[in-house]
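Taking it in order: structure first as structure tokens, then the write-up.
Computed over heavy atoms, backbone and side chain alike; hydrogens, waters and symmetry mates excluded.
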Amino acid sequence: MKTWANILLGTWLILTGLVHLGGVSFPKSGIILAVLGIVTGILFFIANSSEKIGTQIGSILLGVWLVAGGLVSLFHVRFTGS
């Protein structure tokens, strides 16, 4: 499961870089990146559920960040400091 999470994370990072830095655009890129981020974050949660929380805190925080970022992007949520 962790391997799939890492593969999806790499894909998300490459696509995000191409869209934001490279100016590459494709249909529904915002939705695709948001959903990919949410799925990747959930996979990180699932992959780390059997391990101690202290040893995998970085992966758990990455999962939280990916899910939160995907939800904010997908539902266009804006708040002060975002």
Problem set entry | Spacing of Leu62 atom CG and Phe45 atom CZ [to the nearest 0.5 Å] | 9.0 Å
Exercise. In the hydrophobic cluster built from side-chain contacts under 4.5 Å, what are the other members alongside Leu21?
Worked result: none
Problem set entry | Spacing of Ile38 atom CD1 and Leu43 atom CG [to the nearest 0.5 Å] | 12.0 Å
Exercise. So which of Asn6, Val67, Ile60 actually passes side-chain contact (heavy atoms from CB on, under 4.5 Å) with Phe44?
Worked result: Asn6
Exercise. To the nearest 0.5 Å, what is the distance between OG1 (Thr11) and CG (Leu33)?
Worked result: 10.5 Å
Problem set entry | Gap between atom CG of Leu66 and atom CG of Leu71 - 0.5 Å precision | 11.0 Å
For this session: Determine whether Val35 and Leu13 fall in the same hydrophobic cluster, where Ile, Leu, Val, Met, Phe, Trp and Tyr are linked whenever their side-chain heavy atoms lie under 4.5 Å apart.
Result: yes
Exercise. Taking atom CD1 of Ile42 and atom CG of Leu8, what is their separation to the nearest 0.5 Å?
Worked result: 11.5 Å
Seminar exercise, completed: Heavy-atom nearest pair, Lys2 first then Ser59, reads NZ-OG, 3.1 Å
Exercise. Once you round to the nearest 0.5 Å, how far does CG of Leu15 lie from CD1 of Ile32?
Worked result: 8.5 Å
Exercise. For the residue pair Ala5 and Thr40, what are the closest heavy atoms and their distance?
Worked result: O-CG2, 3.6 Å
Problem set entry | Pairs flagged by ring pair (Phe, Tyr, Trp, His ring centres under 6.0 Å) wherever residues 9-31 is involved - sequence neighbours left out | Trp12-Trp65
For this session: Treating Ile, Leu, Val, Met, Phe, Trp and Tyr as nodes and any side-chain heavy-atom pair under 4.5 angstrom as an edge, say whether Trp4 and Ile46 lie in one connected cluster.
Result: yes
